[in-house]
Amino acid sequence: MHESTVITYSSDDSINARKELFEIMNNYPASDDEKERSLGLFIRGSLLARIIAIADIYAKIVSKPGIVIDLGTWRGQTAVLCENLRAIHEPLHLNRRIVCFDTFEGYKGFSEKDKATELHKDGTYGVGGENYADLLTRLLVLHERNNAMGHNHGKHKVIAGDCRQTLPKFFKDYPNEVVALAFFDVNSYEPSHKAFDAIFERLIPGGIVAFWQLTRDVIPAEAMVYGEQILNKRSHELFRSPYYPGLCYLVKR
């Protein structure tokens, strides 16, 4: 279950308007080519704001070396957007690799420090397990092939498993990799804690860690990790996205 189907700030009228949009989108009388060119007909303002916020943060690392990590990638939209932003901002930068981490089985690793609910518990946000990793890999390659220098594709990675094991293994297997940008959307305390330690060690000066849930009281894991590991302990500046208030990011000094 996706929490936006239950938790919303929208009025009943807005919800009904959303349902009408879905109905029109699913039955829109146009060819596939025309539907693709017309996606803006169906993207709501809040979702467009999310895309603009990702684009704004990505633009800040264009001059920086390093990979992009999408931790808790879920369906992989942020990763795909980053590949397309790479193609827009730096089409010749073929070393800008994107690495996605997820169990693809939903949230995992809640402990007594977490505020688990019926919506936020082990299994929430599952997308079918490791088979989805293959689909996301294929999607990333298809976007690469559609972009400039598309003959150079297959540079991104999708890694299935618990990030407490897969992230340290990745850095052990690829000791050359440094991190320019990492998106965090793990939402359970211990995995977030261990993942942040691993990533911050490889984060370059001026590199960015973006948190999707830092200020949300429903899912406190990221805020606890920030308070315990970062605030007053690591040299950084913290910002809030002007386009998507729930997205906060730190810049390493």
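- Within the model, atoms CZ of Phe170 and NZ of Lys157 stand 7.0 Å from one another, a figure rounded to the nearest 0.5 Å.
- For the pair Ser241/Ile52, no side-chain contact is recorded, criterion being any heavy-atom separation below 4.5 Å from C-beta on.
- Side chains of His156 and Glu83: a donor-acceptor N/O pair is present below 3.5 angstrom, by distance only.
- Between the His153 side chain and the Gly150 main chain, a donor and an acceptor come within less than 3.5 Å of each other.
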**Study point:** Stepwise side chain to side chain contact (heavy atoms under 4.5 Å, CB included) check, Tyr189 with Lys194
**Key:** CA-CA 9 Å; Tyr189 172 79; Lys194 291 184 178 298; over 6 Å; no
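- Going from atom CG of Asn95 over to atom CG of Asn152 covers 8.5 Å, rounded to the nearest 0.5 Å.
- Between the side chain of Asn147 and the main chain of His143, a donor-acceptor pair closer than 3.5 Å is present.
- Taking CG from Leu140 and SG from Cys100, the interatomic distance works out to 5.5 Å, rounded to the nearest 0.5 Å.
- For Arg44, the CZ atom is densely surrounded, since the number of other residues' heavy atoms within 6.0 Å is greater than 12.
- A pairwise comparison of heavy atoms in Ile43 and Leu47 identifies CG2-CB, 4.1 Å as the closest pair.
- Note on Leu167 and Ile230: same hydrophobic cluster, where clusters join Ile, Leu, Val, Met, Phe, Trp and Tyr whose side-chain heavy atoms are under 4.5 Å apart, directly or indirectly.
- Under the 4.5 Å side-chain heavy-atom criterion for Ile, Leu, Val, Met, Phe, Trp and Tyr, Ile54 and Tyr243 are members of distinct hydrophobic clusters.
- Val99 places none of its side-chain heavy atoms less than 4.5 Å from the side chain of Val68.
- You'll find the ring centres of Trp74 and Phe104 outside the 6.0 Å limit.
- Side-chain atoms of Ile69 and Leu181, non-hydrogen and from C-beta on, never get closer than 4.5 Å to each other.
- Annotation: side chain of Met25 is not in contact with side chain of Tyr28 (no heavy-atom distance under 4.5 Å).
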Point to revise | Steps toward side chain to side chain contact (heavy atoms under 4.5 Å, CB included) verdict (Leu247, Arg240) | key: CA-CA 6 Å; Leu247 180 59; Arg240 174 185 64 81; over 6 Å; no
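- Atom CG of Leu85 and atom CD1 of Ile57 lie 11.0 Å apart (nearest 0.5 Å).
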Review point. Hey, mind stepping through Glu177 and Arg202 against salt bridge (charged side-chain N to carboxylate O under 4.0 Å, His left out) and telling me if it holds?
Key: CA-CA 8 Å; Glu177 297 286 22; Arg202 298 296 188 96; over 6 Å; no
Exercise for review: Go through the steps to decide whether Asp70 and Arg97 satisfy the test salt bridge (charged side-chain N to carboxylate O under 4.0 Å, His left out), and finish with yes or no.
Suggested key: CA-CA 11 Å; Asp70 191 19; Arg97 292 174 286 276; over 6 Å; no
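- For Phe171, the CZ atom is densely surrounded, since the number of other residues' heavy atoms within 6.0 Å is greater than 12.
- Few gaps surround CG on Asn26; more than 12 heavy atoms of other groups in view lie less than 6.0 Å from it.
- In this model, no donor atom of one side chain and acceptor atom of the other lie less than 3.5 Å apart for Tyr132 and Glu105.
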**Study point:** Stepwise side chain to side chain contact (heavy atoms under 4.5 Å, CB included) check, Asn187 with Asp185
**Key:** CA-CA 6 Å; Asn187 300 334; Asp185 203 4; 3.0 Å; yes
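- Other residues, nucleotides and ligands place no more than 12 heavy atoms under 6.0 Å from the CD atom of Glu130.
- In this structure, a donor-acceptor pair under 3.5 Å is present between the side chains of Tyr58 and Glu90.
- Clustering ILVMFWY residues whenever any of their side-chain heavy atoms sit less than 4.5 angstrom apart, transitively, puts Val209 in a cluster other than the one holding Val178.
- With contacts defined as side-chain heavy-atom distances shorter than 4.5 Å, the pair Thr137/Leu139 does not qualify.
- Residues Phe184 and Phe196 meet the side-chain proximity criterion, which asks for heavy atoms closer than 4.5 Å.
- Here Cys248 contributes atom SG and Arg216 contributes atom CZ; the two are 12.0 Å apart, rounded to the nearest 0.5 Å.
- Under 3.5 Å, the side chains of Tyr174 and Lys169 contain no donor-acceptor pair of N or O atoms.
- Looking at heavy atoms from C-beta onward, Leu231 lies out of side-chain contact with Leu238 at the 4.5 angstrom threshold.
- Smallest separation of non-hydrogen atoms from Val62 and Arg96: O-NH2, 3.4 Å.
- For the side chain to side chain contact (heavy atoms under 4.5 Å, CB included) test with Cys163, the passing option among Pro191, Pro168, Ser192 is Pro191; the others fail.
- One distance of note links CG of Leu39 with CD of Glu34; it measures 12.5 Å at 0.5 Å rounding.
- Closest non-hydrogen pair, Asp102 versus Thr73, comes out as OD2-N, 3.1 Å.
- When all heavy atoms of Leu71 and Ile199 are compared, the pair lying nearest together is CD2-CD1, 4.3 Å.
- Linking ILVMFWY residues whenever their side-chain heavy atoms come closer than 4.5 Å, directly or via other members, places Phe183 and Val251 in the same cluster.
- Screening Lys113, Arg234, Lys233 for a salt bridge (Lys or Arg N to Asp or Glu O under 4.0 Å) with Glu228, the sole residue that qualifies is Lys113.
- Relative orientation of the Tyr107 and Phe110 rings is perpendicular, given thresholds of 30° and 60° on the angle between their planes.
- Annotation for Glu222 and Gln213: closest pair OE1-N, 2.7 Å, computed over non-hydrogen atoms.
- Sparse packing is recorded around CD of Glu23, with 12 or fewer heavy atoms of other residues, nucleotides or ligands lying under 6.0 Å away.
- Two residues are said to be in side-chain contact when any heavy atoms from C-beta on lie closer than 4.5 Å; Leu250 and Phe211 meet this criterion.
- Between the Lys252 side chain and the Leu203 main chain, a donor and an acceptor come within less than 3.5 Å of each other.
- Closest approach of Ala79 to Ile98, counting heavy atoms only: O-CD1, 3.6 Å.
- Contacts classified as ring pair (Phe, Tyr, Trp, His ring centres under 6.0 Å) and involving residues 217-236 (residues at least two apart or in different chains) are given here: Tyr226-His236.
- In this structure a side-chain-to-backbone donor-acceptor pair under 3.5 Å is present from Thr103 to Gly106.
- In this pair, Tyr249 and Phe239 present their aromatic rings parallel. The plane angle is below 30°, not in the 30 to 60° band.
- A single hydrophobic cluster is not seen to contain both Phe101 and Leu136; linkage of ILVMFWY side chains at heavy-atom distances under 4.5 Å, directly or through other members, places them apart.
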